[in-house]
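Lettering of chains follows the sequences in order, A, B, ..., and the numbering in each one begins at 1.
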Number of protein chains: 2
Amino acid sequence: MLSDVMEDYLKATYVLQREGGPPVRTSDLAEYLGVTPPTVTSMLEKLADRELVEREKYKGVELSDEGETVALEILRHHRLLESYLAEHLDYDWSEVHEEADALEHHISEAFERRVANALGEPRVDPHGDPIPTEELAPLADDDTAALADIEEGETVTVARVSDRDDEHLAYLAERGIEPGAELDVVTVAPIDMVTVHVEGDEIHLPTAIAASIRVERETRATA
Amino acid sequence: MLSDVMEDYLKATYVLQREGGPPVRTSDLAEYLGVTPPTVTSMLEKLADRELVEREKYKGVELSDEGETVALEILRHHRLLESYLAEHLDYDWSEVHEEADALEHHISEAFERRVANALGEPRVDPHGDPIPTEELAPLADDDTAALADIEEGETVTVARVSDRDDEHLAYLAERGIEPGAELDVVTVAPIDMVTVHVEGDEIHLPTAIAASIRVERETRATA
DNA sequence: ACTAAGTTTTAGACGCGTCTAATGCGGGGT
DNA sequence: ACCCCGCATTAGACGCGTCTAAAACTTAGT
Ligand SMILES: [Mn+2]
Ligand SMILES: [Mn+2]
Ligand SMILES: [Mn+2]
Ligand SMILES: [Mn+2]
């Protein structure tokens, strides 16, 4: 009953709302989705009519519970697909995103279930992002920090890497910076640069990239 | 560059052309695709403009070489997906068709390759239909006969079952009539019915169903 | 050769998702 | 308080894939 495109707007709104908080603005969605602002406005009207978002004109939009559920459903598809491609079809975790984006709107509930089952009901995808449960319960708040904000001398564990950019992902993959990796933060931003040690290697990361790596401070997650 | 819908028209044209020969008529496509004849006419014009079909007005349409290649590509996706779902995701061969139909337009060439590889480059799908090669070479002509046309007393091997109808498929699956099964044809059409023995069981098949089961007479294929 | 039946095409419309150009709103700096 | 500027919305258009209703063609039967 919802088009692919509507599902993408809802997913985008969810992601942006999670990182910037509501309301999500027209221009942010336009940029995220690669579309012009008037296009977003008209879609947002449609979504508001269907009560998938609450819209305040000129302010932006916030997902309704129903809209959030749709977003979680698509996110579950996306992340399950990424996990499956990586685990069973030999994809590298840096090339998995695009394929999942194309498929996420077209799989049945049966497919979702069987893939989840084949994977053993995973909780996180290859980038470290949480996979919504089958019941689509709201996700826990994110309590990680950006690598760019860590102090020199700290040791942290990589929790997530942004799946938004293939190039960055490939760059990090080559250097062993992936969810679960331990990082010693050596220097921060002598000039727009973070230097870390990982597995004995010294790696230099532009701040733009370091900002998209989320880390945990204590090793509390090694349960 | 081609829309999903165009791909579906090309695939449908291929299938109909294979079973009825060219030209494929507007109304046949309309019925096959569940769409009205004017809709087909307008799509066929578009396809002819792009030289994917040769069209003779009021007569019908025949695939160009390029159109056939597209059709084979989609058919390859479809049948590879069906095979993969059956083999690796625990689908029954009677429920595989719909999922493949939804996914066939959205997988990448990389996905196609990895799935083919995981399956060991299969030649036929779970319904016994041939899978086009990666190079999309034209398929060999079909030399099977319809079960409905077999004489009483013959023993035949099931080559293919039509994947068009879930209900029929489930019916046949339950009774062990699947590609590779040996059938003794006991009686033909006492009144619209074919009776066969398979694995010791006696099965009665309405002619409508028997017409959609393709069989081989000699056991020559047991190479 | 004519006509009726059936099929195909033309004509005109609609909803969707998108765009560009023009207009409208609203908050921050003087 | 006012003005500007940036952002958002409105207005109007377009291509796609679909439809219904009307017209045109084909063909088979007399
Ligand atoms: Mn998507
Ligand atoms: Mn991911
Ligand atoms: Mn299809
Ligand atoms: Mn099949």
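- Applying the side chain to side chain donor-acceptor pair (under 3.5 Å) test to B:Ser42 and every residue at least two apart in sequence or in another chain returns nothing.
- Proximity of a side-chain donor or acceptor of A:His168 to a complementary backbone N or O of A:Ile209 within less than 3.5 Å is not detected.
- Between the side chain of A:Thr13 and the backbone N or O of A:Tyr9 there is at least one donor-acceptor pair closer than 3.5 Å.
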For nucleotides 13-20 of chain D, read 5' to 3', which letter fits each nucleotide if B means a protein heavy atom sits under 4.0 Å from the base, S means only the sugar-phosphate is that close, and - means neither? ----SBBB

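- In this structure, B:Arg76 contributes its side chain and B:Pro132 its backbone to a donor-acceptor pair below 3.5 Å.
- Protein atom CG of A:Leu44 is 11 Å distant from nucleotide atom C1' of D:dA8, rounded to whole Å.
- Residue A:Thr41 has no polar side-chain atom (N or O) positioned under 4.0 Å from OP1 or OP2 of D:dT10.
- By the side chain to side chain donor-acceptor pair (under 3.5 Å) test, B:Ser162 pairs with no residue at all, sequence neighbours left out.
- In terms of phosphate contacts, A:Lys57 brings a side-chain nitrogen or oxygen within less than 4.0 Å of OP1 or OP2 of D:dT10.
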Is there a ring-ring contact (aromatic ring centres under 6.0 Å, His included) between A:His77 and A:His105? Walk through the geometry before answering. CA-CA 8 Å; A:His77 290 181; A:His105 311 286; 8.6 Å; no

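- Contact between the side-chain N/O atoms of B:Arg55 and the OP1/OP2 oxygens of C:dT8 is not found at any separation under 4.0 Å.
- Distance, A:Glu31 CD to D:dA8 C1': 16 Å, rounded to whole Å.
- Distance A:Leu29 CG to D:dT9 P: 11 Å, rounded to the nearest Å.
- With rounding to whole Å, A:Tyr58 atom OH is found 10 Å from D:dA8 atom P.
- Between B:Arg25 and the phosphate of C:dT8, there is a side-chain N or O to OP1/OP2 separation shorter than 4.0 Å.
- Nucleotide D:dC25 holds its P atom 13 Å from the NZ atom of B:Lys59, rounded to whole Å.
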